[in-house]
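Residues: numbered from 1 along the sequence shown.
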Amino acid sequence: RAGRSVIVVEASEVAALATGGNTGKATVLQGSRLQRIRGSHSARVTRAYVEANLDGQAWVAAFATEQGVPFARETAYSYAQSESGLSTVHAEFDAAREAGLPVRLVERMPVPFPFAGAVALEGQLALDPYRLALALARAFIAEGGVLLTGVRVQGLHASDPVLVETDDGRLRAGSVV
């Protein structure tokens with residue numbers, strides 16, 4: 001979209017292995033990440049992280065809607081299985097609240113595993129990562145991107161241009177991510 005030529009090199013097929021075999025969640029509540037960020041950065045930096053994640057989540061929802069990828073809005077939980085983990089739950093709650101998220105504490109849930117408490121955030125995305133990955137690949141190709149599947153990167157040389165060695169030959173690129 002920005003006028004660049006882009007190639008994606010995929011060793012297998014789109015959504016193979018981990019991507020296609022997981023439950024899909026796009027949530028701003030990510031375990032204890034917010035408290036870890038807040039522990040070494042300002043509240044402003046933590047809030048910026050949350051805002052960037054909210055923007056990304058909104059993009060995923062809009063893209064999924066546009067491409068016909070079904071999703072649901074659900075509550076995300078970061079929980080502790082024992083009393084010793086509750087301090088982490090409370091620290092995540094505090095960091096999330098300070099960052100402007102409408103989180104709540106949960107003391108009980110009917111779950112089939114040990115549960116001592118959780119922080120909850122409503123309105124998070126649940127979707128099929130396989131279907132999302134296929135839609136992303138289709139959109140990428142429709143925009144002029146080149147998708148090489150079944151090609152494994154073997155190495156690269158940090159030169160100008162960057163040389164990417166694959167099991168199918170050499171690619172040259174201005175940038176590699």
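At distances below 3.5 Å, not a single donor-acceptor pair connects side-chain atoms of Arg73 with backbone N or O atoms of Glu122. Formation of a donor-acceptor pair under 3.5 Å by the Glu74 side chain with backbone atoms of Leu125 is not found in this model. Side chain of Glu10 to main chain of Ser12: a donor-acceptor pair is present (N/O by atom type, distance under 3.5 Å, no hydrogens or angles). Listed for the Gln35 side chain is a donor-acceptor partner under 3.5 Å among the backbone atoms of Thr88. Between the side chain of Ser78 and the backbone N or O of Gly31 there is at least one donor-acceptor pair closer than 3.5 Å.
The CZ atom of Arg152 sits 7.5 Å away from the CG atom of Asp167 when rounded to the nearest 0.5 Å. Taken from OG in Ser87 to CD in Glu92, the straight-line distance is 12.0 Å, to the nearest 0.5 Å. We find the CZ-CG distance between Phe93 and Leu101 to be 11.0 Å, quoted to the nearest 0.5 Å. Considering CG of Leu147 and CZ of Arg138, their distance stands at 12.0 Å, rounded to 0.5 Å.
Considering only heavy atoms from C-beta on, Val45 stays 4.5 Å or farther from Arg38 through its side chain. Between Arg97 and Val103 the shortest side-chain heavy-atom distance falls below 4.5 Å. The side-chain heavy atoms of Leu148 and Ile7, taken from C-beta on, include a pair separated by under 4.5 Å.
Heavy-atom contacts from other residues, nucleotides or ligands closer than 6.0 Å to CZ of Arg104 number more than 12. Surrounding CD of Glu107 are at most 12 heavy atoms belonging to other residues, nucleotides or ligands under 6.0 Å away. Within 6.0 Å of atom CZ in Arg172, 12 or fewer heavy atoms from other residues, nucleotides or ligands are found, so the atom counts as exposed in its surroundings. Enclosure of atom CZ in Arg108 is not indicated, since only 12 or fewer non-hydrogen atoms of other residues, nucleotides or ligands lie within 6.0 angstrom.
Scanning all heavy atoms of the two residues, the minimum distance from Ala80 to Leu86 falls at CB-N, 3.9 Å. Of all heavy-atom pairs between Ala76 and Thr27, the closest is CB-OG1, 3.3 Å. Between Val9 and Leu171 the shortest heavy-atom distance is CG2-CD1, 3.7 Å. The nearest pair of heavy atoms linking His41 to Thr46 is O-OG1, 4.5 Å. Nearest heavy-atom pair, Gly117 versus Val89, reported as atom, atom and distance to 0.1 Å: O-CG2, 3.8 Å. Across every non-hydrogen atom of Pro114 and Gln81, the tightest pair is O-CG, 3.3 Å.
When hydrophobic residues (I, L, V, M, F, W, Y) are linked wherever their side-chain heavy atoms come within less than 4.5 Å, the members clustered with Tyr79 are Tyr77, Val106, Met109, Val111, Phe113, Phe115.
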*Any chance you could lay out the side-chain contact (heavy atoms from CB on, under 4.5 Å) test for Tyr130 and Val14, step after step, and finish with the verdict?*
CA-CA 8 Å; Tyr130 179 77; Val14 173; over 6 Å; no
_Walk me through whether Val164 and His157 qualify under side-chain contact (heavy atoms from CB on, under 4.5 Å)._
CA-CA 7 Å; Val164 180; His157 304 280; over 6 Å; no
_CA sep, side-chain torsions, deciding dist, call: Leu156, Val176, side-chain contact (heavy atoms from CB on, under 4.5 Å)_ = CA-CA 9 Å; Leu156 62 92; Val176 175; 4.1 Å; yes
Donor-acceptor pairs under 3.5 angstrom involving side-chain atoms of residues 50-71: please list them, not counting sequence neighbours.
{"unit_1": "Glu51", "atom_1": "OE2", "unit_2": "Arg47", "atom_2": "NE", "d": "2.9"}
{"unit_1": "Asn53", "atom_1": "OD1", "unit_2": "Gln30", "atom_2": "NE2", "d": "2.9"}
{"unit_1": "Asn53", "atom_1": "ND2", "unit_2": "Tyr49", "atom_2": "O", "d": "2.8"}
{"unit_1": "Gln57", "atom_1": "NE2", "unit_2": "Ala26", "atom_2": "O", "d": "2.5"}
{"unit_1": "Gln57", "atom_1": "NE2", "unit_2": "Gln124", "atom_2": "OE1", "d": "2.7"}
{"unit_1": "Thr65", "atom_1": "OG1", "unit_2": "Ala61", "atom_2": "O", "d": "2.9"}

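A continuous path of ILVMFWY side-chain contacts below 4.5 Å connects Leu105 to Val28, so both sit in one hydrophobic cluster.
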